[in-house]
K.L.:
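Dropping a structure here in C-alpha cells format, bear with me for questions.
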Amino acid sequence: MGVDISDLLTRHQTTLKEQKGIKVSIDAFNIMYQFLSSIRQPDGTPLTDTQGRVTSHLSGVFYRTINLLDAGIKPVYVFDGKPSSLKNRTLEARRLVKEKAKIELEVAREAGDEERVRSLSSRINYLSRDMVNEAMELLDYMGVPYVVAPSEGEAQASVMCKNGLVDGVISQDYDCILFGARRVFRNFTMFGRRKVPGRNIYLNVNPEYIDLEENLNLLGINRDQLIEIGIMVGTDFNRGIQRVGAKTAMKLIKKHGNIGNVLASKNMEIENLDEVIELFRNPPYMAEISTDLKRPDTDKIIDFLCNRHDFSPNRVEPYIQTLNLSVQKNFQKNLDSFF
DNA sequence: CGGACGTA
DNA sequence: TACGTCCGG
C-alpha cells in the first residue's frame with residue numbers, strides 16, 4: 001500500500017513519552033484498518049456488539065487516542081474524503097484482491113483450515129459509512145478534533161503538518177512524505193509492541209519517525225525530486241516504471257535531474273504524469289479547521305461504548321479515568337483558555 | 001492491538 | 001520480573 005521509498009529513508013527510533021507535548025495529525029482510516037485486521041476472534045471475524053455492528057475500529061480509536069493523550073500528545077484525526085480519480089485503478093485492484101480473498105476464505109472455511117481463515121479474513125476489512133460515523137461520534141464525545149479531508153486523508157494530514165498546524169503525521173504509509181509532511185511517525189504505539197504477521201511469529205516494531213528536511217539533505221535532492229522518485233517507483237495514483245525501485249529511481253534522478261529527462265532517455269511515458277505531480281505538490285486541502293481539544297464527556301462516552309455497543313464498563317472506566325487525568329495533567333491550560 | 005492474568 | 005496465552009464486543 002502506498003509508495004515504497006523506504007530503502008531511501010533515514011529513520012529515528014523514538015517512544016511516545018519522548019514526543020510529549022507534540023500535536024499530530026492521524027490518518028484515521030489507517031488506524032481503523034490496523035485495528036480491524038488485528039482485533040479479531042479466533043475464527044477471524046471482527047468483534048461486534050449484540051446488534052452485529054463491528055466494534056474493532058472503535059476499540060482502536062478509543063484505546064489508541066487515550067494512550068496518546070496519556071503521553072501528552074495531542075491528536076487530530078483526519079478522515080478520507082472522495083478519492084482522486086487518479087486512484088481508480090488502485091481501488092479497483094484492491095477490490096479484486098478482496099474478492100479473491102473472499103473466495104479463498106470460503107474454501108479455507110470448508111476445509112477447516114483455521115490458520116488460513118484467520119489470515120485471509122484479516123485482509124478483508126471493510127469500513128462502512130456507519131462505522132466511520134460511529135468513530136467520529138466517539139471522537140466528539142472524547143473531545144478530540146477531527147477533519148474530513150476534501151480528498152485523500154493522507155494529503156490533508158500531511159499538508160496540515162507542512163503548514164505547521166501539527167508537528168507530525170501518524171501513518172504507516174510513506175505517501176505522507178511526498179505530500180510534504182515534515183515529520184512522519186510510524187509504529188507509533190506504547191512501546192515496541194509485538195505484532196503477529198502470520199500466526200505465532202512475533203516481531204518487534206519500534207516507533208520511529210522520518211524527518212523530511214533531514215532526508216532531503218542526506219539524499220541531496222529537493223522535494224520535487226523526491227516526488228518524482230516516488231512516481232517512478234509507483235504510487236496509488238500511477239503505475240511506476242517497470243523494474244525501478246527506490247534506489248534505481250534515485251540514481252536516475254541524480255543522473256538526469258528530473259523525471260522528464262529520465263523518461264525521455266528511456267523513451268518512456270508515465271500516464272497522467274503532470275496531474276500526479278500536481279497532486280503531490282498541491283493536493284486538495286481544507287484550511288479552516290480546529291485542532292483544539294475539548295473537555296471529554298464521560299457520560300456520553302460510557303453510554304456510547306457500554307450501552308450502545310456492549311463494551312464492558314470494567315474495561316472502559318479505567319481508560320476514562322486515564323483520559324480525564326491526562327486532560328487535567330497535560331492540557332488543562334489549553335482547555336481553560338479554550339472555554 | 002493492547003491489557004489481564006497466569007506461570008516460571 | 002519476564003514472558004506466554006487468552007480475550008475483548
K.L.:
Near DNA chain C, which residues from residues 39-48 of chain A have a heavy atom under 4.0 Å away?
P.N.:
I39(A), R40(A), Q41(A), P46(A), L47(A), T48(A)
K.L.:
To the nearest 0.5 Å, what is the distance between CD1 on I259(A) and CE on M232(A)?
P.N.:
4.5 Å
K.L.:
If you compare every side-chain N and O of R64(A) against the phosphate oxygens of dC1(B) (OP1, OP2), does one of them come in below 4.0 Å?
P.N.:
no
K.L.:
Mind calculating the distance between CD (E114(A)) and C1' (dC6(C)) to the nearest angstrom?
P.N.:
14 Å
K.L.:
If I take atom CD in residue E317(A) and atom C1' in nucleotide dG3(B), what distance separates them, rounded to the nearest angstrom?
P.N.:
16 Å
K.L.:
What is the distance, to the nearest angstrom, from the CD atom on Q34(A) to the C1' atom on dC1(B)?
P.N.:
8 Å
K.L.:
Nearest heavy-atom pair of S326(A) and L69(A): which atoms, and what distance?
P.N.:
CB-O, 3.6 Å
K.L.:
Using a distance-only test with no angle check, is there a side-chain donor-acceptor pair under 3.5 angstrom linking S25(A) and Y77(A)?
P.N.:
no
K.L.:
From CZ of F35(A) over to C1' of dG9(C), roughly how many Å is that when rounded to an integer?
P.N.:
15 Å
K.L.:
Over all strands shown, is T55(A) touching base, sugar-phosphate only, or nothing at heavy-atom distances under 4.0 angstrom?
P.N.:
sugar-phosphate
K.L.:
Reckon Y319(A) touches a base, only the sugar-phosphate, or nothing at all at heavy-atom distances under 4.0 Å?
P.N.:
sugar-phosphate
K.L.:
Would you say N187(A) reaches dC1(B)'s phosphate, i.e. side-chain N/O to OP1/OP2 under 4.0 Å?
P.N.:
no
K.L.:
Could you state the CE-C1' distance from M32(A) to dC1(B), rounded to the nearest angstrom?
P.N.:
15 Å
K.L.:
Which pair of heavy atoms, one from L105(A) and one from V117(A), lies closest together, and at what distance?
P.N.:
CD1-O, 3.5 Å
K.L.:
Tell me the interatomic distance from N314(A), atom CG, to dG2(B), atom P, rounded to whole angstroms.
P.N.:
21 Å
K.L.:
Checking all strands, does R53(A) fall into the base, sugar-phosphate, or nothing category for heavy-atom contacts under 4.0 angstrom?
P.N.:
nothing
K.L.:
Within this structure, what is the CD1-to-P distance between I170(A) and dC1(B), rounded to whole angstrom?
P.N.:
15 Å
K.L.:
For Y63(A), report the nucleic acid contact type (base, sugar-phosphate, nothing); a contact means any heavy atom under 4.0 Å.
P.N.:
nothing
K.L.:
Could you state the interatomic distance from CZ (F79(A)) to CG (L139(A)), rounded to the nearest 0.5 Å?
P.N.:
5.0 Å
K.L.:
Do side-chain atoms of T235(A) reach the backbone of I231(A) as a donor and acceptor pair under 3.5 angstrom?
P.N.:
no
K.L.:
Between N187(A) and Q172(A), do the side chains contain a donor N or O and an acceptor N or O under 3.5 Å apart?
P.N.:
yes
K.L.:
In whole angstrom, give the distance that lies between atom CZ of R315(A) and atom P of dC5(B).
P.N.:
9 Å
K.L.:
Just checking, is any N or O donor in the side chain of E134(A) or H57(A) under 3.5 Å from an acceptor N or O on the other one?
P.N.:
no
K.L.:
Which of residues 127-145 of chain A have a heavy atom under 4.0 Å from DNA chain C?
P.N.:
none
K.L.:
Regarding S312(A), tell me which of base, sugar-phosphate or nothing describes its non-hydrogen contacts under 4.0 Å with the strands shown.
P.N.:
sugar-phosphate
K.L.:
State which residue, out of I5(A), L8(A), V233(A), fulfils the side-chain contact (heavy atoms from CB on, under 4.5 Å) condition with M250(A).
P.N.:
L8(A)
K.L.:
Side chains of T14(A) and E18(A): do they bring a donor and an acceptor to under 3.5 Å?
P.N.:
yes
